[in-house]
2 protein chains.
Amino acid sequence: MRPPAAAAPAPAPPAEARRPRFQRQLPQQRRAALIAATIECLKRYGHDGLSIRTISAQAGVSVGLINHHFPNKDELVAGAFRHFNRELVDGLKAAAARPATPAARLRAFLEASFSPPNLDADVLAVWVVFWGLYRHSRPIQRVQRETYRDYVQLMRTLLGDILGKPGGGARGRGRAVNLRLAAIGLTALIDGLWLEWCLEPGGFRPREAVAICEGWVEGLQRRAAGWNSP
Amino acid sequence: MRPPAAAAPAPAPPAEARRPRFQRQLPQQRRAALIAATIECLKRYGHDGLSIRTISAQAGVSVGLINHHFPNKDELVAGAFRHFNRELVDGLKAAAARPATPAARLRAFLEASFSPPNLDADVLAVWVVFWGLYRHSRPIQRVQRETYRDYVQLMRTLLGDILGKPGGGARGRGRAVNLRLAAIGLTALIDGLWLEWCLEPGGFRPREAVAICEGWVEGLQRRAAGWNSP
DNA sequence: GCTGCTGTTTTACGATCGTTCAATTAGAGC
DNA sequence: GCTCTAATTGAACGATCGTAAAACAGCAGC
């Protein structure tokens, strides 16, 4: 299940019209292409796809080019992680921005979370590999701290609009605590469902995942409304 | 952050009393020791710890011994994964077996899920690495199918006892569907909280995690009792 | 004490790893 | 068309990888 030994596209044959052997690109574009190749390799081969040669072959460049644009492999992987995070958060933020009511925004957020391109076994497996790198890679930790903040912010905004913003009601303190736990719980629920989908794609339907999450939020609403014990 | 080059305990010095240079062990015991060493390497070095030389050094044996007891590295790793799964399920099952009432059993299950040795950043990181291997390793997939069954069975029993067993009530069909989704949701919640603890140990308190899970189950109970819309 | 089996070590092999660096050359600017 | 910058190539390095196989040696049985 390792990446194939040689996957590079055939080099330009010595045709009569002498085509350039490679194309120069702006560092910015080349870095983006290398990051895209890294993610593609992760999707195809998992952790084993994270080798300089596999990635450069996927990108159609030589082995030396990566170290010209990135100081080392870890930074390339961290760059791919950053891109992956940004794509997710931007997509979810855009989906949740359209609807007018708080409930519809949360629903749009959840539906985006459980539909392509996010609910894809390959994509979710990439997340898991990144998470597996987290504990022993400083660059990954740094990116996580950078980008996770946005995700938490988005989720707390959505939940706050539904549960009543802290300071908007009478008992601001109690609700602030609930908001923190609510964000932790909903994040865990989504990540956990993603993980289950990764281990067994199709084990549930996207609608069911949304329903599970909405059920959790409704329980929160009931409790926030003082519906405390049956 | 790679494993150190040499980590083997110093070889027996040429003392006057000629001690044997190694001890023979029964294959069963040696395999267990190698699996324990594999897990220890995973805790210390993450995915990079999964090398024959790192593991054999950790176990205090030579490089060739692993391939004498396991057909290849993947099978050793799968064996470690099986052991890891069994330890978890056995521990949770034992914890959930003691109390007399269904609610107390579920609480004991949750408290065991969110206390040592399960709620440990190193242990949880090992889970994530295993999950990351899942998609591209047949042996890991096989072990997952073998052992995950027990976990799901345990959780469905606990939830079934609380929500009312299918066939025990009047509307068995509807409740059976709920039980499936309930197990999916609670599993996702626990796994997701584990993941969050792995990425940020101490981000919440164990009591809070238990409370979040119990809150989810209470919401299920309300809905199962026909408490459908506010 | 010797024998035999088998668990264990040791050595070696070819492959692949990340990184370096001198040589090459694409392509913009003049 | 020429020059010059710098993006790119490709070979080479030493290290480490997983595995095979022969040599060694612990230790039970006689």
Side-chain angles (χ1 to χ4, degrees), chain A residues 1-12 14 17-34 37-38 41 45 47-78 133 137 139, chain B residues 1-12 14 17-34 37-38 41 45 47-78 133 137 139:
Chain A
M1 210 50 84
R2 309 287 297 278
R18 208 176 65 81
R19 281 241 319 273
R21 300 203 291 118
F22 58 89
Q23 281 199 358
R24 294 171 75 118
Q25 290 191 14
L26 294 178
Q28 176 184 355
Q29 299 173 21
R30 186 62 84 187
R31 273 208 290 266
L34 289 173
T38 303
C41 287
Y45 312 111
H47 184 284
D48 289 339
L50 288 183
S51 98
I52 296 290
R53 284 169 177 80
T54 305
I55 295 169
S56 54
Q58 170 68 35
V61 300
S62 66
V63 282
L65 193 58
I66 288 181
N67 281 291
H68 183 260
H69 289 286
F70 295 89
N72 52 52
K73 196 183 78 163
D74 283 354
E75 291 294 338
L76 167 62
V77 175
L133 295 175
S137 167
Chain B
M1 209 53 82
R2 309 287 296 279
R18 207 176 65 82
R19 281 242 320 273
R21 300 204 290 119
F22 58 89
Q23 281 200 357
R24 296 170 75 116
Q25 290 190 13
L26 294 178
Q28 176 184 355
Q29 299 174 19
R30 187 63 85 186
R31 275 207 289 266
L34 289 172
T38 302
C41 288
Y45 313 111
H47 184 283
D48 289 339
L50 288 183
S51 98
I52 296 291
R53 284 169 177 80
T54 305
I55 295 170
S56 53
Q58 170 69 35
V61 300
S62 64
V63 282
L65 193 58
I66 288 181
N67 281 292
H68 182 262
H69 289 286
F70 295 89
N72 52 53
K73 195 183 79 163
D74 282 355
E75 291 295 337
L76 167 62
V77 175
L133 295 175
S137 166

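The model shown is predicted, which means the values in this text are computed figures rather than measured ones. Proteins come first, then strands; the chains are lettered A, B, ... in the order of their sequence lines, and each starts at number 1.
As a whole-Å value, the separation of B/Arg53 CZ from C/dC13 P is 14 Å. Across the protein-nucleic acid pair, B/Asn72 atom CG and D/dC17 atom C1' stand 14 Å apart, rounded to whole Å. Residue B/Asn67 contributes atom CG, which lies 16 Å from atom P of C/dT10 at whole-angstrom precision. As rounded to whole Å, 14 Å separates atom P of C/dT9 from atom CD1 of B/Ile52. Taking atom NZ of residue A/Lys73 and atom P of nucleotide C/dT16, one finds them 15 Å apart after rounding to whole Å. Atom-to-atom, CG of B/Asp74 to P of D/dC17 comes out at 15 Å; the value is rounded to the nearest Å. With rounding to whole Å, A/Leu34 atom CG is found 15 Å from C/dG18 atom C1'. A/His47 has its NE2 atom 13 Å from the P atom of D/dC17, to the nearest Å.
Going from atom CG of A/Asp74 over to atom CG of A/Leu133 covers 8.5 Å, rounded to the nearest 0.5 Å. How far CZ of A/Arg31 is from CD of A/Gln25: 12.5 Å, rounded to the nearest 0.5 Å. We find the NE2-CD distance between B/His69 and B/Glu75 to be 15.5 Å, quoted to the nearest 0.5 Å.
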With 3.5 Å as the limit, what N/O pairs link the protein to nucleotides 8-10 of chain D?
residue, atom, partner, partner atom, Å
D/dT8, OP1, A/Gln23, O, 3.2
D/dT8, OP1, A/Gln25, N, 2.9
D/dT8, OP1, A/Arg30, NE, 2.9
D/dT8, OP1, A/Arg30, NH2, 2.5
D/dT8, OP2, A/Arg30, NE, 3.3
D/dT8, OP2, A/His69, NE2, 2.8
D/dT9, OP2, A/Ser62, N, 2.9
D/dT9, OP2, A/Ser62, OG, 2.9
D/dT9, O5', A/Ser62, OG, 3.3
D/dG10, OP1, A/Arg21, NH1, 3.1

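At a threshold of 4.0 angstrom between heavy atoms, the contacts of B/Leu50 are confined to the sugar-phosphate backbone, with no base atom among them.
Scanning all heavy atoms of the two residues, the minimum distance from A/Ile55 to A/Cys41 falls at CA-SG, 3.7 Å.
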Item to complete: Show your working on side-chain contact (heavy atoms from CB on, under 4.5 Å) between A/Arg30 and A/Val61 and close with a plain yes or no.
Response: CA-CA 10 Å; A/Arg30 186 62 84 187; A/Val61 300; 3.5 Å; yes
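Residues passing the ring pair (Phe, Tyr, Trp, His ring centres under 6.0 Å) test with B/His47, sequence neighbours excluded: A/His47.
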